**Q** 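I have a structure I would like to understand better, so I am pasting it below and will then ask my questions one at a time.
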Protein chains: 2
Amino acid sequence: MATKARNIQRREDALSHDRIVDAAIELLDAGGEDGLTFRALSERLATGPGAIYNHIADKDALLVAACDTLVARTLDAGKAGSSPRAAIRTLALALFDAMDAHPWMGAALVRAAGQSPSVRLLERLGQAIQALGVPRKGQWAAASALLHYIVGVGSHNAAQSQFARARGLARDRHLGTLSAQWAQLDAALYPFVRSVSAQLPAHDDRADFLAGIDLVLGGLASAQKK
Amino acid sequence: MATKARNIQRREDALSHDRIVDAAIELLDAGGEDGLTFRALSERLATGPGAIYNHIADKDALLVAACDTLVARTLDAGKAGSSPRAAIRTLALALFDAMDAHPWMGAALVRAAGQSPSVRLLERLGQAIQALGVPRKGQWAAASALLHYIVGVGSHNAAQSQFARARGLARDRHLGTLSAQWAQLDAALYPFVRSVSAQLPAHDDRADFLAGIDLVLGGLASAQKK
DNA sequence: ACCTGAACACCGTTCAAGT
DNA sequence: ACCTGAACACCGTTCAAGT
């Protein structure tokens, strides 16, 4: 009915940056990084593959943009107040959960080093580090250590689930076979990995991730006390 | 001259797993992950692309194998004695340098999650963690936190240099433009990143990396004191 | 048992031609 | 200004045919 308003009568199905990115996220969630294809994407958007290039530079930019909207969404959700330490922990967990739900995010975050999504993240981490009272000189190192750790865990887990997916295995089944492989390693060369293989299938990734965050936070606290 | 010895007179140019992996490493070093192609590889080995499949399952396995030989080489070099803490630090730095010299290694290590190269690494880290006196319960979390951090930094730096390479920029020039971009961010939204943008081009990646390792080690030490 | 290399089924990206 | 879709220059991988 709003036909009189100047010329906002854009077609219902008009292409746009956001519509493309949303469709890309759906493809990535459904089929992993291999599932995102300009042909599949243009089919879903009912257009030709060339049309997408009117809105996005190339596939890399598309992946980064998809990652960016999810990071932004995740950071928006995790406002909260409480202590800086608690803020860092909940922020980290929110990212862990997002990367767990969207296994392609980890790799995308790595690829986007220095670009928008990691800058968003670095900002939030940096503000929290400042609030923690870390002295100016150490803020950058602390924030980027957290960033690298978070991204490292995320992309590692992503690779695991991609590996399992490629072989058509469920995650726990994959961890089971991995644990069996580890248990059969040479006892002289791999004592630690062998000793730890039994707890591999049952262990809680999320808790381990948080334990790593706590180690960094503990290191920051003990450095301040001195 | 050794022509009499049974039938070890294999052709000088015979294909083998090791020869293929060595050639792959050269291609990866020269052209990054995009530089590794079955066609380029078979050309360098003076054979057809199909021949490689007699020795290696697929491209993923080739990448993991290439990464594995470099990780093994790096770990062999870094024996040393001294304190467990010093051992962890030198081990971490050796890996940093290897990933700096071979920027594709970081991504390959991620892709090989749970497989040979990361198992090697986890073993060494785990042994050092044990030597550090970390109680049994916390050993896995500590070792994998270090692993994830190391891999996170490595793949992050790799992405940076890949990004710069794709645009034909030298690394420092790339950091310069990145720093300028950061300085122009919205002051209300990005106070931390802006405040830190100036030190971006001049900062020492290697020192920052080590600072992160020290934070984790500090966290471990303070957890033990309690 | 290993190699050869053409062929297959895809990619991302470009670009003339349309509207 | 945007879309269309055929075409280009690649990929990884397979497989009949050779040795």
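These figures come from a predicted structure and were not determined experimentally. Chain naming here is simple, since letters A, B, ... match the order of the sequence lines and numbering starts at 1 in each. Every heavy atom of this structure was used, including side-chain atoms; hydrogens, water molecules and symmetry mates were not.
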**Q** Between L41(A) (CG) and dG5(D) (P), how many Å, whole number?
**A** 16 Å

**Q** When you match G48(B) and D58(A) each to their closest nucleotide on DNA chain C, which lands nearer the 5' end?
**A**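 With G48(B) and D58(A) compared, the 5'-side residue is G48(B).
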
**Q** Mapping L36(A) and A51(A) to their closest nucleotides on DNA chain C, which lands nearer the 5' end?
**A** L36(A)

**Q** Counting only side-chain heavy atoms from C-beta out, which of dC2(C), dT13(D), dC11(C) sits nearest to N54(B)?
**A** dC2(C)

**Q** What nucleic acid atoms does I52(B) come within less than 4.0 Å of, heavy atoms only: base, sugar-phosphate, or nothing?
**A**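 The answer is nothing, as I52(B) stays clear of every strand by at least 4.0 Å.
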
**Q** Please pick, from dG12(D), dC3(C), dC2(D), the nucleotide with the shortest atom-to-atom distance to any side-chain atom of H55(A).
**A** dC2(D)

**Q** Would you please classify the geometry between the W140(A) ring and the W182(B) ring as parallel, tilted or perpendicular, with 30° and 60° separating the classes?
**A**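 W182(B) vs W140(A) ring planes: tilted.
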
**Q** Starting from the C-alpha separation in whole Å, work towards a yes-or-no answer on salt bridge (Lys or Arg N to Asp or Glu O under 4.0 Å) for D186(B) and R194(B).
**A** CA-CA 8 Å; D186(B) 187 320; R194(B) 277 172 56 102; over 6 Å; no

**Q** Among the candidates dT14(C), dG12(D), dC11(C), find the nucleotide nearest to the side-chain atoms of Y53(B).
**A**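 So the nucleotide nearest the side chain must be dG12(D).
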
**Q** Quick one: does any side-chain atom of H148(B) pair with a main-chain N or O of S144(B) as donor and acceptor, under 3.5 Å?
**A**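 Judged by distance alone, yes, a pair lies under 3.5 Å.
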
**Q** Kindly say whether L175(B) contributes a backbone atom to a donor-acceptor pair with the side chain of S179(B) at under 3.5 angstrom?
**A** no

**Q** Look at the rings of F38(B) and Y53(B) and say which category their plane angle falls in: under 30° parallel, 30 to 60° tilted, over 60° perpendicular.
**A**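 Because their plane-to-plane angle is under 30°, the rings of F38(B) and Y53(B) count as parallel.
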
**Q** What's the closest nucleotide to the side chain of R39(A) if the choices are dC3(D), dC2(C), dT13(C)?
**A**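 The nucleotide sitting nearest to the side chain is dT13(C).
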
**Q** Quick one: label L62(A) by what it contacts on the DNA or RNA (base, sugar-phosphate, nothing), any heavy atom closer than 4.0 Å.
**A** nothing

**Q** Using whole Å, what does the distance between atom C1' of nucleotide dC8(D) and atom CZ of F38(A) come to?
**A** 16 Å

**Q** What is the distance, rounded to the nearest whole Å, between atom CD of E43(A) and atom C1' of dC10(C)?
**A**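 Distance check: E43(A) CD to dC10(C) C1' gives 14 Å.
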
**Q** Could you let me know what dC11(C) is paired to, Watson-Crick or G-U wobble, both distances under 3.5 Å, or none if it's on its own?
**A**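 By the stated definition (distances under 3.5 Å), nothing pairs with dC11(C).
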
**Q** Check the distance between dG12(D)'s C1' and D34(A)'s CG and give it to me in whole angstrom.
**A**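 Distance, rounded to whole Å: 12 Å.
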
**Q** Could you give the CG-to-P distance, from L45(A) to dC2(D), as a whole number of Å?
**A** 16 Å

**Q** Between dC10(D) atom C1' and E33(B) atom CD, what is the distance in whole Å?
**A**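 Going from CD in E33(B) over to C1' in dC10(D) covers 17 Å.
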
**Q** Could you tell me the separation between the CD1 atom of I20(A) and the P atom of dT13(C), rounded to a whole number of Å?
**A** 13 Å

**Q** Looking at dA1(C), which nucleotide sits across from it as a Watson-Crick or G-U wobble partner, both distances under 3.5 angstrom, or is there none?
**A** dT19(D)

**Q** Would you kindly give the CD1-to-P distance between I56(A) and dT13(C), to the nearest whole Å?
**A** 11 Å

